[in-house]
Amino acid sequence: MPPLDMPADIIGAASAWPFEEARKLVKRVERTGQGSVLFETGYGPSGLPHIGTFGEVARTSMVRHAFRVLTGDRIPTRLVCFSDDMDGLRKVPDNVPNQDLLRRHLGRPLTEVPDPIEPGISFGHANNARLRAFLDRFGFDYEFVSSTALYRGGRFDAALRLMLERLEAVMAIMVPSLGAERAATYCPFLPIHPESGVVMQVPLVSHDVAAGTISWRDPATAALFETPVTGGHCKLQWKPDWAMRWHALGVDYEMAGKDLIDSVKLSGQIVRALGSEPPEGFNYELFLDQNGQKISKSKGNGLSIDDWLRYASPESLSLFMFQKPSAAKRLYFDVIPRAVDDYLGFLDAFPRQADKEKLGNPVWHVHAGEPPAAEKLQPEGGAGTTLSFAMLLNLAAVANSEDPAVLWAFLRRYAPGVSPATHPRLDGLVGYAVRYYRDFVRPAKRYRAPDDIERDALLGLDAALAALPEGASAEEVQTALYDVARPIPRYQDFKAKTATPERPGVSNEWFNTLYQVLLGEERGPRFGSFAVLYGIPQTRALIRRALDGGLIADHVAFLAGRGTAPA
RNA sequence: GAGCGCGUAGCUCAGUCGGUAGAGCGCCUGACUUUUAAUCAGGAUGUCCAGGGUUCGAGUCCCUGCGCGCUCACCA
């Protein structure tokens, strides 16, 4: 991290939430005198990483960076992404193949269940690898930690023996939080069955602190087992597990969703019973879908991480995560363009801002204090401006093209000399806009068949286009358009500004016909400009496809290919 | 039952330390165009949920209430 060239009082007064969070840690360090700080995020590898996983790592990284700035980077920090991969497989996920295979392994640790996709590797390990690839894709600085590896490697042994020693205290914390039925059988230790390998949820028969063992009975056979709590022979129940981990690793900071408020409370009490201080942290609000429902993987509502990254940059998602973690936010497709344009706007403003504002600017947090320069378009004789994503989406619709090169042709008209080489991030935006067009705009198109009058008019237009000289300008095409329609009574407009009885104007209906029949839209671009950029021969081909019914047939096929019915 | 979040323009939402209410979209007018909507300039729009309190001053802080929604109470 490069040194931050800002006065200490400005940094000290920074009020963005990552700074507020980091100050809790500064106080903690002052109180305890500790020489380093550990951040943790948790992950359950029973499924693929999701957008909440990203949010938690991104937000924790922002707090970590703020802490480093507040302390001048004098206190070493680490971020651990902890995978709870020794957890037993509770139910077979609906969205994976080989359901039978998984069903045979129900109850066993995820790292003992074969992966339904990749042979020769466990479900837990496979999902761990997916998580790491996912995090690496964003360039997060983290250390991956496997629960299974630590349990089996003995890293938790001392903490596990301590918990056994303080079992009464732990029970006293947990039991009141449980229903009567569960309380009667609750035990924080979950022995791994030595024969079946299943993570057993059984009542405690007895325990031996000196030996470090628990005794329990197999409910199926009534056989009595004595199992060491150490060495990976036992796992802990969720809340004691969290607490034990905090204690054993010395976790100083972990945030969690508000659904875990009670868990944080109980785990905090347990970690105190083990003689450690619970980590700092806060509870962020959950994400909702378009209708205000909680996003859940099983329901498949809301937005997946892949959905977002198909249409927008990781930075824009990072910005979304930065903004108001304490408010429940709706997370669905429509918020993407807004997030992208907010991001571009903040990036644009950053160089103009004073230090104090910079520390409050989301891009400072998104880019760990070093936001890149905004890519601007410089029209001839004009000031540079940042092209908004909203405008690019319009352009993609206007260009009626899934080809980024066509959009670049539009952009060069505005600012000659620009290219993907000079504006690589803008090129990324162009790619996103094109995809958005393909996935949202194009499916909504409704092509209309021309009637006889329209058919004649289109034939006339085709002939007029054919008669244009090579390299005709947009204006010449536009003029040709008017001249084709002017003699046709349906399109004559005698109320137009410049209309005379001899030379009537041309009504909007003519253009609307072109949009509806040729582009499948109710509105469209200035047609002269469109035809030139799209290409005169291509436009003529488009007209022919409209006349022979090809456009409608193509669109039906396109929709069928996507599995959607025509609009 | 317990714990939260939200309520601001037609819609979606910002609003930092308490100091004359903002953005985007939409809408209206105009520029450009031979009259259409990539663009540009300008404009209109508010019971800041309600009531009370603190204050010289409250969208903002405190209390109460109303409405909408979420989470937890089995597991993680």
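We name chains A, B, ... by the order of the sequence lines, and we start the count at 1 in each one.
If you check B:G30 for Watson-Crick or wobble pairing at under 3.5 angstrom, you find it paired to B:C40. B:A14 makes up no base pair with any nucleotide shown, lacking Watson-Crick or G-U wobble contacts both under 3.5 Å. Remark: B:A2 base-pairs with B:U71; criterion is Watson-Crick or G-U wobble with both hydrogen-bond distances under 3.5 Å. Checking B:C48 for Watson-Crick or G-U wobble geometry (two distances, each under 3.5 Å) identifies no partner in any strand.
Distance OH (A:Tyr186) to P (B:C74): 12 Å, rounded to an integer number of Å. Atom CG in A:Asp342 sits roughly 9 Å away from atom C1' in B:A23 (whole-Å rounding). Rounded to an integer number of Å, the gap from CH2 of A:Trp242 to P of B:C75 is 15 Å. Rounded to whole Å, atom P of B:C11 lies 13 Å from atom CZ of A:Arg330. A straight line from CG of A:Asp262 to P of B:A2 spans 13 Å, rounded to a whole angstrom. With rounding to whole Å, A:Glu285 atom CD is found 11 Å from B:G3 atom C1'. Rounded to whole angstrom, the span from the CZ atom of A:Phe527 across to the P atom of B:A38 amounts to 14 Å. Rounded to whole angstrom, the span from the CD atom of A:Gln323 across to the P atom of B:A23 amounts to 18 Å.
As judged by a 4.0 angstrom heavy-atom cut-off over every strand, A:Asp84 is placed among residues touching the sugar-phosphate backbone only. As judged by a 4.0 angstrom heavy-atom cut-off over every strand, A:Gln478 is placed among the base-contacting residues. Among the heavy atoms of the strands lying under 4.0 Å from A:Leu260 is at least one base atom, whether or not backbone atoms are also near. Nucleic acid contact for A:Ser177: none, since no nucleic acid atom lies under 4.0 Å from a heavy atom of the residue. Counting any heavy atom pair closer than 4.0 Å across all strands shown, A:Gly257 reaches no nucleic acid atom. Within the 4.0 angstrom heavy-atom criterion, only backbone atoms of the sugar-phosphate kind lie near A:Arg182; the bases stay farther away.
With both ends at atom P, the span from B:A9 to B:A14 equals 12 Å, rounded to whole Å. Taking atom C1' on both B:G51 and B:G67, the two are 15 Å apart, rounded to the nearest angstrom. Spacing between B:G59 and B:G52 at atom P, rounded to whole Å, works out to 14 Å. Separating the C1' atom of B:G24 from that of B:G57 is a span of 31 Å, rounded to the nearest Å. Using P as the reference atom, B:A21 and B:U47 are 14 Å apart when rounded to the nearest Å. A gap of 12 Å separates the P atoms of B:G22 and B:G46, to the nearest Å. With C1' as the reference atom, B:G15 and B:U20 are 15 Å apart, rounded to whole Å. Nucleotides B:G7 and B:C75 are separated by 34 Å at their C1' atoms, to the nearest Å.
The nucleotide whose nearest atom lies closest to any side-chain atom of A:Ile261 is, among B:C75, B:A76, B:G3, B:G3. Nearest to the side chain of A:Asp483, among B:U34, B:C75, B:C4, sits B:U34. For A:Arg338, whose side chain is taken as the heavy atoms from C-beta onward, the closest listed nucleotide among B:C13, B:A76, B:G5 is B:C13.
Of the candidates A:Asn127, A:Thr111, A:Thr148, A:Asp85 forms a side-chain hydrogen bond (donor to acceptor under 3.5 Å, both in side chains) with just one, namely A:Thr148. No option in A:Lys324, A:Lys258, A:Glu56, A:Lys329 other than A:Glu56 meets the side-chain hydrogen bond (donor to acceptor under 3.5 Å, both in side chains) test with A:Tyr284.
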Report all interatomic pairs (protein N or O, nucleotide N or O of nucleotides 15-17 of chain B) with separations under 3.5 Å.
residue, atom, partner, partner atom, Å
B:C17, N4, A:Lys356, NZ, 3.0

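With no hydrogens or angles considered, no side-chain donor-acceptor pair links A:Asp307 and A:Tyr332 at under 3.5 Å.
Taking 3.5 Å as the limit, the base of B:C72 and the side chain of A:Lys258 contain no donor-acceptor pair of atoms between them.
Between A:Gln201 and A:Arg486, it is A:Arg486 whose nearest contact on RNA chain B lies nearer the 5' terminus. Mapping A:Gln237 and A:Thr479 onto RNA chain B via the closest heavy atom, the residue that lands nearer the 5' end is A:Thr479.
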Step-by-step side-chain contact (heavy atoms from CB on, under 4.5 Å) determination, A:Val477 to A:Phe527:
CA-CA 8 Å; A:Val477 176; A:Phe527 206 83; 5.6 Å; no
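Checked by atom type and distance alone, the side chain of A:Arg59 pairs as donor or acceptor with a backbone atom of A:Met321 at under 3.5 Å. The backbone N or O of A:Ile270 lies less than 3.5 Å from no partner atom in the side chain of A:His247, so there is not a single donor-acceptor pair.
Under the side chain to side chain contact (heavy atoms under 4.5 Å, CB included) criterion, A:Pro420 pairs with A:Trp408, A:Asp427, sequence neighbours left out. For A:Phe144, there are no ring pair (Phe, Tyr, Trp, His ring centres under 6.0 Å) partners, not counting sequence neighbours.
Looking at A:Arg245 and A:Glu40, a side-chain N of the basic residue comes within less than 4.0 Å of a carboxylate O on the acidic one, giving a salt bridge.
Under the stacking definition used here (centres under 5.5 Å, planes under 30°), the residue A:Tyr482 qualifies as stacked on the base of B:U34.
A tilted orientation is assigned to the rings of A:His65 and A:Trp364, their planes being inclined by 30° to 60°.
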